[in-house]
Amino acid sequence: MDISVLGTGYLGATHAACMAELGFSVVGVDIDEAKIAALSAGTTPFYEPGLGPILRRAMDNGRLVFTTDISVAARATVHFIAVGTPQAKGSFAADTSAVEQVLRALVPHLEGDHVVIGKSTVPVGTAAHLQAMVDELAGDRANVEVCWNPEFLREGYAVQDTITPDRIVLGISQPSSPAREVVEKLYAQALAAGTPMIVTDLATAELVKVAANAFLATKISFINAVSEVCEAAGADVTAVADALGHDKRIGRRFLNAGLGFGGGCLPKDIRAFMARAGELGANEALTFLREVDAINMRRRDHLVQVVKSVCGGSLIGQNIAVLGCAFKPHSDDVRDSPSLAVAGALSLGGAEVSVYDPQAMDNARAIFPTLHYATDTQEVLSGADCVVVATEWPEFLELDPSEAATMVRTPRVVDGRNVIDRQAWLAAGWSVHALGRPSLEPSSS
Ligand code: UGA
């Protein structure tokens, strides 16, 4: 079975390489020439642990090629859509124009039977609309079936999540749809290993994806709202989360309070979900997601205020070291990154901000060229009046607080992710601050 993957970003490039790893012959297509040139040379244009080796293996054994020429994709019979659906300018809705464009470019080249498998996150109703569009474009030349197979991969674990997903969701237009058999063949390995497959209609499959991301976002904002109350009451949000997490109905994952969520998915997906519910007349159903969004955005301002107060009430002339600017560790993605937003706000507030991230420096520099980008942890800490842990990379968690104390001007740390060993930092002479937890001050003796 020959496969095309349309769109070679974080999702598409990983999916193309993983499908080739599973033994299929794959062509990855993108309009971005620089991206295709990099992938064709066997390099990943973004940081994703474990992707490089499987990409090169697939290319070496001839199972994976990349091109900007979409007509090459017409030789395949299965076409995955993996293009972006960002937030539309001036609205909460998702911009699905890339999904439409890629099908408008592909379908005129097709003949015979084809299956289009959508993976991009789209508003409910998109797949049905695309089927009608594709039918018109295909005419009598081709029979093209559109189905939807939402993607649940996490950046940083994309390879693992693609090869061994925790579930496979497939939306099809009719129960007898031939797409089901095609998808079962594609995921035969995961299915044989017992991965559950949930087959639904198109709308349900589209909704599963946005509902999953909305739930995760809500869980994070819930604990961050509790964090605000903890601060007011002098309680400790991490202890609350730990205790809640023992209840299996709640679970501890995604209950890490701190700077909140960012990235290319959760923020825009909750907004698009609200916008679509409104279009469908279910306006009131998701108004709580506005609050989820607002709680999340407040985290960034709050962290800036905490840093300001820790620095004595003014940021002017303060050297602030920001550890991390990716939206989360194990990624170089800075789209809607809370860490980078905080670094930018501190700088605009008058601080001298120095940033270091193990992977995201180039992407950050492109967005915020005016910040100082240090070459390593030692440089970023050097002369700092306050250290902000903004993205919880392992190397920041492993910092030796005694050594770090010798590099800074004033040993103050603000843990924006509630991840450092507070007692160890306190014992090394640091004043330790966090979101949702009482501050710790070293005794003056
Ligand atoms: C998210 C979902 O987790 C994936 O299942 C989904 O496939 C993907 O979006 C997508 O729609 O493509 P991802 O954006 O890679 O994946 O990132 P997450 O691991 O979900 O983290 C999102 C944000 O939440 C990060 O900024 C992270 O720092 C933050 N977070 C996460 C918290 O603030 N607290 C937590 O407890 C967990």
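Numbering of ligands and ligand atoms starts at 1, following listing order. Atoms considered below: every heavy atom in the structure, side chains included; atoms not considered: hydrogens, waters and symmetry mates. Worth saying up front: this structure is predicted, and the values here are computed from it rather than measured.
A salt bridge is absent between Lys328 and Glu155: the closest approach of a Lys/Arg side-chain nitrogen to an acidic carboxylate oxygen does not fall below 4.0 angstrom. Taking a cutoff of 4.0 Å between a charged side-chain nitrogen and a carboxylate oxygen, Lys268 and Asp95 do not qualify as a salt bridge. Note on Asp362 versus Arg365: salt bridge recorded, some NZ/NE/NH1/NH2 to OD/OE distance being below 4.0 Å.
Counting protein heavy atoms only, atom 26 (O) of ligand 1 is closest to Phe327 O, 2.9 Å. Remark: minimum distance from atom 19 (O) of ligand 1 to any protein heavy atom is reached at Lys328 NZ, 2.9 Å. Closest to atom 1 (C) of ligand 1, if we only count protein heavy atoms, is Leu266 CD1, 3.6 Å. Remark: minimum distance from atom 34 (N) of ligand 1 to any protein heavy atom is reached at Asn256 O, 3.1 Å. Given atom 10 (C) of ligand 1, the protein heavy atom at minimum distance is Cys265 SG, 3.0 Å. In this structure, the protein non-hydrogen atom closest to atom 5 (O) of ligand 1 is Phe152 O, 2.9 Å. The protein heavy atom nearest to atom 6 (C) of ligand 1 is Leu153 O, 3.3 Å. Among all non-hydrogen protein atoms, the one lying nearest atom 20 (O) of ligand 1 is Phe254 CZ, 3.3 Å.
Contact annotation: Gly258 has no heavy atom less than 4.0 Å from any atom of ligand 1. Remark: distances from the non-hydrogen atoms of Asp269 to ligand 1 include one below 4.0 Å. Using a 4.0 angstrom heavy-atom cutoff, Lys209 counts as in contact with ligand 1. Residue contact annotation: Arg417 has a non-hydrogen atom under 4.0 Å from ligand 1.
For ligand 1, the polar-atom distance check finds no N/O of Pro338 at less than 3.5 Å from any of the ligand's N/O atoms.
Close approach to Leu255 involves these atoms of ligand 1, each under 4.0 Å from a residue heavy atom: 36 (O). The Glu155 neighbourhood of ligand 1 comprises atoms 15 (O), with distances under 4.0 Å to a heavy atom of that residue.
Classification of the His15-Phe80 ring pair by plane angle, with boundaries at 30° and 60°, yields perpendicular.
For Ile220, every heavy-atom contact with ligand 1 shorter than 4.0 Å involves the side chain, none the backbone.
Scanning both residues, Ala424 and Pro401, for their nearest heavy atoms gives O-CG, 3.8 Å. Across every non-hydrogen atom of Ala179 and Leu170, the tightest pair is O-CD2, 4.5 Å.
At distances below 3.5 Å, at least one donor-acceptor pair connects side-chain atoms of Arg299 with backbone N or O atoms of Gly258. Using modelled atom types, no side-chain atom of Asn149 and backbone atom of Ile117 make a donor-acceptor pair closer than 3.5 Å.
Relative to atom 2 (C) of ligand 1, the option among Leu259, Leu11, Val210, Asn213 with the closest non-hydrogen atom is Asn213.
With contacts defined as side-chain heavy-atom distances shorter than 4.5 Å, the pair Trp393/Asp357 qualifies. Looking at heavy atoms from C-beta onward, Phe66 lies out of side-chain contact with Lys35 at the 4.5 angstrom threshold.
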Quiz item: Do Thr96 and Thr126 pass the side-chain hydrogen bond (donor to acceptor under 3.5 Å, both in side chains) test, and can you show the C-alpha distance, the side-chain angles, and the key distance before you say yes or no?
Solution: CA-CA 8 Å; Thr96 56; Thr126 304; 5.4 Å; no

